[in-house]
Amino acid sequence: MNCCHHPMLKYFLLLLGTALGICFIQMGALNIMKSVIAYGFSPHPDFIKRNYPNIGPFLSTNRSSCSSKGAALTRHHVPKKMLNDTLKRRAEEYRQHQLRMGTNLNSLILAPANSPLQFPITGFTIPPLTKSVIPGLALQAQKRQVYKVSLSVKSGVLSVEDVLDGQQVDGQGQSELSISSSSITQLNDLLSRVTYTSTIYHVKTKDLVHFSFEDYEAIFPIVIKRPSVPVLYDPGTDINSQVTIITKTFLRYKELNVLIKSIRKFYPNIKIIVADDSLKPEHVSGNNIEHYIMPPAQGWFAGRNLAVSQVTTKYFLWVDDDFVFLDETRIESFVEIMEAVPELDILGGEVSGNQYYFSFEYDEGDEVEGGCLSRLKGGFHQPLPHFDGCILVDGVVNYFLGLTDAVRRVGFDPFLKRVGHSEFFMDGLGQLLVASCKGLSIGHQKHRSRGKYYSFRTQKKADARRKVTHHFFKNYLNYIKF
C-alpha cells in the first residue's frame with residue numbers, strides 16, 4: 001500500500017495546513033484518528049490516553065497555578081446549604097461547555113517515528129508571551145556517529161532548559177535552534193526539554209515549528225491563544241430556571257394576550273420577555289413578564305436582539321406573538337434533547353404540524369466575485385444520532401429552543417426589519433449546530449384582519465433589493481437564492 005495516498009493521511013495534511021511529505025507506515029496514528037472520527041459526538045477528553053497508553057510521552061506544559069493571595073475564594077460567597085448542589089450543577093455545565101467549545105479535542109497525538117522524527121502532530125496551545133515545553137519531541141534513528149536536529153519558528157524563540165557544559169546546543173533564545181550529540185539517548189533528553197516562548201501578544205494566532213533531521217522535515221502548529229473565561233448559566237432545579245420564553249410584538253396585542261394566557265395555563269411561573277415596537281404601545285400585564293418598549297417600527301430582528309439580550313437563563317424559547325401553547329407544547333422535551341447533546345445550539349419544533357426546516361448550499365467562490373448561497377427548503381444533513389424524528393439542518397421554523405450564549409455570539413442583524421426566516425441562520429452557518437424534531441408542537445392562532453400591520457410586514461420590491469444589496473456586502477455573496 002502506498003501510504004502517502006491513504007485518505008486518513010490526507011486528513012492529517014489538511015489539518016496541519018501543510019504538506020509534510022512523510023509516509024506514516026506505522027498505523028498507530030491512523031488508527032487513533034479513525035477512532036476519534038468514529039467516536040462521533042463528544043469524545044471524552046481522555047479518549048486518546050485511555051485507548052492508546054503506549055503512544056509515547058505526554059509532557060505537561062509549564063503553567064503557573066492560581067494564586068490565592070489577595071483573591072476572593074468564590075465558593076465562600078455561595079450559601080453553605082446550597083454549595084453541594086451548586087457545585088454539581090456547575091461541574092456538569094462546565095463539562096458541557098468544554099464539549100461545545102471543542103476543548104475536549106485537544107488531546108495530544110504524536111506522530112509515530114517511521115520518519116525518524118516524533119512530534120505532536122496536532123500541535124499544542126499556549127498563552128501569549130509565555131514559555132512552554134514542546135511536548136513529545138524525539139528522534140528514533142539507526143546508529144550514527146553524530147545525531148543533529150534543528151528547529152525553527154517565526155513568532156517566538158526556542159531554548160533547551162538546564163543545558164550542561166559540553167552539550168551541543170546552538171541558538172539558545174533565538175528563532176533557530178540546533179542540537180547535536182553522539183548519543184541518541186542524550187539527544188532525546190535534550191529534546192524533551194526544548195521550550196517555545198511566544199514573543200508576540202495576540203489573543204489568537206499561531207506559529208509553525210519546522211523540525212528537521214538530515215533529509216527529513218516535519219512541520220506542526222503552535223496555537224497561541226489567550227485563555228477565555230467560561231460563561232456558564234446555572235440551570236437551577238426546574239424548567240423556570242432553565243428557560244425564558246421570548247417574543248417580539250408589533251400591533252398584535254390581542255394575539256399576544258392569547259399567547260400569554262396559553263403559556264400561563266401550562267407554565268404559571270416561567271419568565272416571559274416581550275420586545276414591543278408598536279406605534280402606540282399598550283400595557284401588558286401579568287406575572288413575571290418583562291415588557292420592553294422600543295422606538296416604533298424598529299423591526300423584527302432588532303426586537304429579537306433586545307429580547308435575547310435580557311435573558312438570564314441557559315436557554316430561551318422563541319415563539320411568535322400569534323402562536324398558542326397546546327397540550328403537546330412541552331418545553332421539557334426540548335431541554336432533555338439539548339442537555340443530552342451539548343453541542344446543539346438550536347432545536348426547532350413544529351408549528352401547527354408543519355416541521356419547517358432547510359439547509360444551505362454555500363460555495364465561497366473567488367476573492368473577486370464572492371460566494372454563492374442557496375436555501376434548500378426541506379434539506380437536511382443527516383439524522384440526529386439516538387433521537388428518532390430529529391434531523392440535523394441549517395435552519396428551522398420560528399419556534400425553537402436556543403442556547404443563549406451561542407445565539408448571542410451570532411446575533412440578529414437589525415438592518416433587516418421585515419420578513420426574515422433565513423438571515424439569522426445564514427450568519428450562523430458554520431457556527432451553530434441546528435436540529436429539528438417532530439412532535440415538539442405549538443399551535444398557530446387564526447389569522448385576523450390587520451390592515452396596518454400587513455402594510456408594515458409586507459416586503460416591498462425596494463426592501464427586497466436593499467436586502468440583497470446588504471447580503472452582497474455583508475456576507476460577501478455574488479449570488480443568493482432564498
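Position 1 is the first residue of the sequence; numbering continues from there.
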Fill in the blank from the handout: When every non-hydrogen atom of L306 is compared with those of A275, the smallest separation belongs to CD2-CB, 4.2 Å
Problem - E176 (side chain) donor-acceptor with G171 (main chain) under 3.5 angstrom - result: no
Practice task
For atom OH of Y479, decide whether the heavy atoms of other residues, nucleotides or ligands shown that lie under 6.0 angstrom number more than 12.
Solution key: no
Exercise for the section: Indicate yes or no for a side-chain donor-acceptor contact from N188 to the backbone of A138 under 3.5 Å, with no hydrogens or angles considered. Expected result: no
Problem - Minimum heavy-atom distance between D320 and T247, given as atom pair plus value - result: C-OG1, 3.5 Å
Problem - Closest non-hydrogen atom pair between Y357 and Q355, with its separation - result: CD2-O, 2.9 Å
Handout entry: Spacing of L117 atom CG and Y216 atom OH [to the nearest 0.5 Å]
Key = 9.0 Å
Practice task
Taking the side chain as every heavy atom from C-beta outward, state whether N475 and I480 have any atom pair closer than 4.5 Å.
Solution key: no
Handout entry: CD (Q310) with more than 12 external heavy atoms under 6.0 Å
Key = yes
Practice task
Check whether any side-chain heavy atom of R226 lies under 4.5 Å from a side-chain heavy atom of P128, and answer yes or no.
Solution key: yes
Exercise for the section: Taking N305 for its side chain and F412 for its backbone only, find out whether a donor-acceptor pair lies under 3.5 Å. Expected result: yes
Practice task
Give a yes or no on whether the backbone of L129 and the side-chain of S198 come within a donor-acceptor separation of less than 3.5 Å.
Solution key: yes
Problem - N/O donor-acceptor pair under 3.5 Å between R408 side chain and V308 backbone - result: yes
Handout entry: Working for side-chain contact (heavy atoms from CB on, under 4.5 Å), residues V209 and F119
Key = CA-CA 10 Å; V209 180; F119 58 95; over 6 Å; no
Practice task
Look at E161 together with K131 and state whether they make a salt bridge at an N to O cut-off of under 4.0 Å.
Solution key: yes
Exercise for the section: Look up atom CG in L440 and atom CG in L317, then write down how far apart they are to the nearest 0.5 Å. Expected result: 10.0 Å
Handout entry: E361 and S374 side chains, donor-acceptor separation under 3.5 Å
Key = no
Handout entry: Reference residue F334; test ring-ring contact (aromatic ring centres under 6.0 Å, His included); the match among Y399, W318, F400
Key = Y399
Handout entry: Residues W300, N398; criterion side-chain contact (heavy atoms from CB on, under 4.5 Å); working and verdict
Key = CA-CA 12 Å; W300 196 49; N398 288 330; 3.3 Å; yes
Fill in the blank from the handout: Heavy atoms of Y315 and L403 approach each other most closely as CE2-CD1, 3.6 Å
Handout entry: Nearest-0.5 Å distance, CG of residue L151 to CZ of residue F220
Key = 6.5 Å
Handout entry: Donor-acceptor under 3.5 Å (T329 side chain, S441 main chain)
Key = yes
Handout entry: Donor-acceptor pair, side chain of S152 and main chain of S175, under 3.5 angstrom
Key = no
Practice task
Compute whether any side-chain donor of one residue and acceptor of the other, for S212 and S150, lie under 3.5 angstrom apart.
Solution key: yes
Problem - S241 versus D238, closest heavy-atom pair with distance - result: OG-O, 2.9 Å
Exercise for the section: Classify the ring geometry between F360 and F358 as parallel (under 30°), tilted (30 to 60°) or perpendicular (over 60°). Expected result: perpendicular
Exercise for the section: Taking the side chain as every heavy atom from C-beta outward, state whether S359 and V393 have any atom pair closer than 4.5 Å. Expected result: no
Practice task
Would you check if L373 and M426 make a side-chain contact, meaning some heavy-atom pair closer than 4.5 Å?
Solution key: yes
Handout entry: Neighbour count >12 (heavy atoms, 6.0 Å) for atom NE2, H386
Key = no
Handout entry: D427 (side chain) donor-acceptor with V410 (main chain) under 3.5 angstrom
Key = no
Exercise for the section: Could you please spell out the steps behind the side-chain contact (heavy atoms from CB on, under 4.5 Å) verdict for S155 and Y196? Expected result: CA-CA 10 Å; S155 301; Y196 172 86; 4.0 Å; yes
Problem - NZ/K204: more than 12 non-hydrogen atoms of other groups inside 6.0 Å - result: no
Practice task
Could you tell me the separation between the CZ atom of R193 and the OG atom of S159, rounded to the nearest 0.5 Å?
Solution key: 12.0 Å
Practice task
Using modelled atom types only, decide if a donor and an acceptor are shared between the side chain of N478 and the backbone of C372 within a distance under 3.5 Å.
Solution key: no
Practice task
Answer yes when E339 and K314 have at least one side-chain N-carboxylate O distance shorter than 4.0 Å, and no when they do not.
Solution key: yes
Fill in the blank from the handout: When rounded to the nearest 0.5 Å, the distance separating CG of L232 from CZ of R95 is 12.5 Å
Exercise for the section: Return yes when atom CZ of F472 has more than 12 non-hydrogen atoms of other residues, nucleotides or ligands closer than 6.0 Å, and no otherwise. Expected result: no
Exercise for the section: Could you tell me the separation between the CD atom of Q172 and the CG atom of L177, rounded to the nearest 0.5 Å? Expected result: 6.0 Å
Practice task
Answer whether the closest heavy-atom distance between the side chains of F211 and L191 falls below 4.5 Å.
Solution key: yes
Handout entry: Side-chain heavy-atom pair Y356, V396 within 4.5 angstrom cut-off
Key = no
Exercise for the section: Determine, step by step, whether N240 and K271 satisfy the side-chain contact (heavy atoms from CB on, under 4.5 Å) criterion, reporting the C-alpha distance in whole Å, the side-chain angles of both residues, the deciding distance to 0.1 Å, and the verdict. Expected result: CA-CA 7 Å; N240 299 318; K271 180 185 284 187; over 6 Å; no
Practice task
Check whether any side-chain heavy atom of V407 lies under 4.5 Å from a side-chain heavy atom of F424, and answer yes or no.
Solution key: yes
Problem - Heavy-atom neighbours of R144 CZ exceed 12 at 6.0 Å - result: yes
Exercise for the section: Kindly give the heavy-atom pair with the smallest separation between L392 and A435, and that separation in Å. Expected result: CD2-CB, 4.2 Å
Practice task
Find out whether T205 and I200 are in side-chain contact, i.e. whether some heavy atom of one side chain is under 4.5 Å from a heavy atom of the other.
Solution key: no
Problem - Electrostatic pair R89-E92, nearest N-O below 4.0 angstrom - result: no
